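Counting from 1, the numbers follow the sequence of the chain as shown. This one's a predicted model, so the numbers in the text were calculated from it and none came from an experiment.
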Amino acid sequence: RVNTRLEDFEVSVHGEDLGIAIGRDGKNMAALEYLVNLIGKRKNIVDKKVTLDIKDYRKNKVEKITNTAIKMAKKAIREGRKIALRPIGSYERKRIHNALAKFKDVTTRSKDEEPNRRIIIYPLNEAK
């Protein structure tokens with residue numbers, strides 16, 4: 001049994017020829033993560049969310065889209081209008097909300113339903 005006092009935790013997998021485990025746009029990795037969580041909960045092995053990252057795919061993806069979100073936040077401030085990001089998963093959305101919380105001139109909200117859920121960046125004077 002995994003220590004249940006832990007918050008959500010990440011499992012990193014490294015090795016050769018793991019592209020198939022990642023899959024196109026990380027879809028196989030997401031499916032594996034879903035199965036790990038489903039089995040873990042059913043077998044009462046873990047009661048926290050397990051996040052799977054294969055060959056730093058998720059880490060690199062989060063870094064890339066966070067940098068894009070920061071650029072879009074600056075653009076929203078500069079142009080004084082809201083900007084919608086493309087749909088992304090909940091793990092990535094959470095990281096972007098946290099990163100943009102440091103900006104005093106913007107606020108963020110998630111909009112729409114999965115799988116089309118996206119972040120909208122509002123300049124402070126536009127937040128409605």
Side-chain angles (χ1 to χ4, degrees):
R1 183 159 174 84
V2 174
N3 182 349
T4 58
R5 293 176 301 175
L6 294 173
E7 292 298 319
D8 297 348
F9 59 98
E10 184 175 296
V11 175
S12 291
V13 179
H14 295 276
E16 300 297 318
D17 300 324
L18 292 172
I20 190 77
I22 296 169
R24 183 180 205 104
D25 296 327
K27 287 186 176 151
N28 291 354
M29 184 175 68
L32 288 169
E33 178 181 283
Y34 174 77
L35 289 173
V36 165
N37 281 290
L38 184 66
I39 293 167
K41 288 193 189 306
R42 282 200 177 163
K43 298 291 184 184
N44 202 26
I45 298 168
V46 294
D47 61 357
K48 303 293 180 185
K49 176 144 173 49
V50 176
T51 302
L52 185 60
D53 194 3
I54 301 174
K55 292 186 83 170
D56 291 330
Y57 176 85
R58 178 165 278 144
K59 177 184 166 194
N60 294 333
K61 181 179 177 184
V62 167
E63 185 176 305
K64 181 180 175 183
I65 60 178
T66 300
N67 288 337
T68 299
I70 289 169
K71 288 177 189 174
M72 294 298 105
K74 291 176 181 177
K75 182 177 180 179
I77 294 166
R78 187 175 59 248
E79 295 181 4
R81 65 179 180 91
K82 69 181 179 182
I83 295 183
L85 301 179
R86 66 180 180 80
I88 52 175
S90 61
Y91 182 88
E92 292 84 7
R93 279 196 314 273
K94 181 177 180 181
R95 292 340 179 248
I96 289 173
H97 282 300
N98 290 340
L100 296 183
K102 298 172 187 168
F103 280 75
K104 294 178 181 146
D105 297 333
V106 298
T107 187
T108 59
R109 293 198 184 102
S110 291
K111 182 182 178 189
D112 295 329
E113 299 297 320
E114 295 293 351
N116 297 317
R117 197 149 173 84
R118 64 186 68 233
I119 291 179
I120 309 294
I121 303 170
Y122 296 90
L124 222 49
N125 59 358
E126 169 77 27
K128 293 178 182 171

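Ala30 is linked by a side chain to side chain contact (heavy atoms under 4.5 Å, CB included) to nothing, counting only residues two or more places apart in sequence or in another chain. Residues that satisfy the side-chain hydrogen bond (donor to acceptor under 3.5 Å, both in side chains) test with Glu114, not counting sequence neighbours, are Arg93. With sequence neighbours left out, Glu92 forms a side-chain hydrogen bond (donor to acceptor under 3.5 Å, both in side chains) with no residue at all. Among residues two or more places apart in sequence or in another chain, the salt bridge (charged side-chain N to carboxylate O under 4.0 Å, His left out) test is passed with Arg117 by none. Looking at residues two or more places apart in sequence or on another chain, you find no salt bridge (charged side-chain N to carboxylate O under 4.0 Å, His left out) involving Glu63. For Tyr91, the side-chain hydrogen bond (donor to acceptor under 3.5 Å, both in side chains) partners at least two apart in sequence or on another chain are Glu10. Applying the side chain to side chain contact (heavy atoms under 4.5 Å, CB included) rule to Val36 yields the partners Val50; only residues at least two apart in sequence or on another chain are considered. A search for side chain to side chain contact (heavy atoms under 4.5 Å, CB included) contacts involving Lys59 returns Asp53, Asp56, not counting sequence neighbours. Listed by chain and number, the residues in a side chain to side chain contact (heavy atoms under 4.5 Å, CB included) with Ile39 are Lys43 (sequence neighbours excluded).
Here the side chain of Asn37 pairs no donor or acceptor atom with the backbone of Lys49 at under 3.5 angstrom.
Between Pro115 and Pro87, the closest heavy-atom pair is O-CB, 3.7 Å. Asp17 approaches Ile20 most closely through the heavy-atom pair O-CG2, 4.4 Å.
Taking hydrophobic clusters as Ile, Leu, Val, Met, Phe, Trp and Tyr residues chained together by side-chain heavy-atom distances below 4.5 Å, Leu35 does not share a cluster with Ile54.
Residue pairs satisfying the side chain to side chain donor-acceptor pair (under 3.5 Å) criterion with at least one member in residues 94-103, sequence neighbours excluded, are listed as follows: His97-Thr108, His97-Ser110. A side chain to side chain donor-acceptor pair (under 3.5 Å) check over residues 66-77, counting only residues at least two apart or in different chains, returns nothing.
Around CZ of Arg24, the count of heavy atoms belonging to other residues, nucleotides or ligands within 6.0 Å does not exceed 12. Within 6.0 Å of CG on Leu38 lie more than 12 heavy atoms contributed by other residues, nucleotides or ligands.
Here the NZ atom belonging to Lys82 is positioned 10.0 Å from the CZ atom belonging to Arg109, to the nearest 0.5 angstrom.
By the 4.5 Å side-chain criterion applied to Ile, Leu, Val, Met, Phe, Trp and Tyr, Ile96 is assigned to a cluster that also includes Ile65, Ile70, Met72, Ile77, Ile83, Leu85, Ile88, Leu100, Phe103, Val106, Ile119, Ile121.
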